[in-house]
Number of protein chains: 2
Amino acid sequence: MTLRRALKDMLYEQVGSLVKGMANAKRLELVELLCQAPKSVETLASEAGISIKLASAHLKELRLAHLVEADRQGRQMIYRITCPEVAGFLVMARGLARNRSFELRHALQEITASAALWTAADDQTLLNQAKRGEITLIDVRPANEFAARHLPYALSIPMMELSARLAELPLGKPVVAYCRGPFCSFSVEAVRFLRDKGFDAFQWPAGAADWISADHESESALFGGAA
Amino acid sequence: MTLRRALKDMLYEQVGSLVKGMANAKRLELVELLCQAPKSVETLASEAGISIKLASAHLKELRLAHLVEADRQGRQMIYRITCPEVAGFLVMARGLARNRSFELRHALQEITASAALWTAADDQTLLNQAKRGEITLIDVRPANEFAARHLPYALSIPMMELSARLAELPLGKPVVAYCRGPFCSFSVEAVRFLRDKGFDAFQWPAGAADWISADHESESALFGGAA
DNA sequence: ACTATATTCTAATATTCGTTAGAATATTAT
DNA sequence: ATAATATTCTAACGAATATTAGAATATAGT
């Protein structure tokens, strides 16, 4: 009986240490950033709003749990997620947290739903509309993240360039903006800005982690992208 | 910029505290046990091999993360998972851990594959075979867990009763045993015992958490059960 | 070889977590 | 009421975590 217990303990211990690798706000954010594209420690630290030293420490934890891996490229270490299931785990955790935490749901609503900024269409409907040109789908993340991976039919217009590139967007037709995911503010800001300018703009709250996991589950290539 | 950061921090903090609720071997085991059926603190403690006090403390953490909830029934507190997604989270974590951890994969193999005890069929194939009577599917968990939730066409033969009920099993046809999940030893023991007695026995490694999450995703009622 | 840059390692801190023991609470049975 | 049982709360302590600062390492460019 004790041998059996020891084995069971070991198995759950293994799962536990993997979950522990994700059991931290900063590490979750780092993983979400790495779902966008492989990134250097420096970039990750700055985008997550923490010191390089702390980012390095968190990345070490993630590496230890085999959730991310890195390769040296010149003088930087470029990190990436080890497999699509890591994105799936993040998506699952985010979804479960939204279900279980009133505070989280409330905070998310305050950002978006207050102004009915988002579109209620599901993934396939949205992509079909984009394919048929019924809507203009814009990716407001930095260009390198678009290059790494993006939704099909999407146009890359990074937030920084948005005000300078309004001419590329149609005035009478819906414009749907997406960014890194539901916790990223880019697309909400883009939609606010575009509405101010008279565009029929909406936000699409899914991001790279969501597509990667959906893509992996459906075994079909949902999104495009080089590198 | 700081306001945005504070909000993002808060959102990831919420997800983090949910993940932290699951980031412990004993809590994972307690959740897996609660996927079988609602249980009292006493039962949980004894089945997980820990003291009642410690079980109570872990259950408090899980309750705080809204992963489980409890109702008083007479003089006992009966705990249960709050929603099917909790099972989904456990299954995802187990799966990712198996992918990422060589040690875990190795340990699991040592239990089962060494003797080729398991069947390679997928869920639907197995259930169809059971439906057509080509195999005999037996549930070797305690009777109350069978009563709470079980696979269709399955026969309840708890481990304790197995040796006394061999007459109910066919000798020429495959007998497939399942239990609480891949980390539970009941079905492996059952198969070893049955093979010793000359039966054509196999193990099916999925358990309640797996069915609950599959069932929830497919939106179809895969399994039966009262209460 | 020398310098600058990017990253990791080491050490130190405060904080949180896991565990155990003892006291306290709530319910049922008498 | 009183006793018995099941569970939770409080306190305590060692172990693990998050964070910061300073030293060390590895690569690229001169």
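Residue numbering restarts at 1 for every chain, and letters A, B, ... go by the order of the sequence lines.
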Where along residues 16-24 of chain A does a heavy atom fall under 4.0 Å from DNA chain C?
none

On a heavy-atom basis, which atom in A:Lys39 and which in A:Arg180 lie closest, and how many Å separate them?
NZ-NH2, 4.1 Å

Quick one: does B:Ile138's side chain get under 4.5 Å of B:Val175's, heavy atoms only?
yes

With the criterion being N/O to N/O and under 3.5 Å, what pairs connect the protein with nucleotides 3-5 of chain D, and how long is each?
unit_1, atom_1, unit_2, atom_2, d
D:dT5, O4', B:Arg75, NH1, 3.0

Would you kindly give the CG-to-C1' distance between B:Leu62 and C:dC17, to the nearest whole Å?
14 Å

Which residues pass the salt bridge (Lys or Arg N to Asp or Glu O under 4.0 Å) test with B:Glu13, not counting sequence neighbours?
none

Which residues in residues 48-58 of chain A have a heavy atom closer than 4.0 Å to any atom of DNA chain D?
A:Lys53, A:Leu54, A:His58

Please report, rounded to the nearest Å, how far the C1' atom of C:dG18 is from the CG atom of B:Leu59.
14 Å

Is the closest side-chain donor-acceptor distance between A:Glu47 and A:Thr43 under 3.5 Å?
no

Nearest listed nucleotide, side chain of B:Gln76, among D:dA26, D:dT8, D:dA6
D:dA6

Under the rule for ring-ring contact (aromatic ring centres under 6.0 Å, His included), what residues qualify as partners of B:Phe183, not counting sequence neighbours?
A:Tyr12

Tell me whether the side-chain N/O atoms of B:Arg27 come closer than 4.0 Å to OP1 or OP2 in C:dC17.
no

Side chain of A:Met77 - closest among D:dC9, C:dT7, D:dA18:
C:dT7

Minimum heavy-atom distance between A:Val31 and A:Leu90, given as atom pair plus value:
CG1-CD2, 4.3 Å

Over the length of the helix from C:dA1-D:dT30 to C:dT30-D:dA1, how much do the five-pair end axes diverge, rounded to 10 degrees?
30°

Closest heavy-atom pair, A:Leu34 versus A:Tyr79, reported as atoms and distance to 0.1 Å, is CD2-O, 3.4 Å

May I ask you to decide if the ring planes of A:Tyr178 and A:Trp211 are parallel, tilted or perpendicular, using 30° and 60° as cut-offs?
perpendicular

Compare side-chain N and O positions of A:Tyr79 against OP1 and OP2 of C:dA6 and report whether any pair is under 4.0 Å apart.
no

Of A:Gly74 and A:Glu61, the one whose nearest nucleotide on DNA chain D sits closer to the 5' end is A:Glu61

Among D:dA26, D:dT19, D:dT8, find the nucleotide with the atom closest to the side chain of A:Arg72.
D:dA26

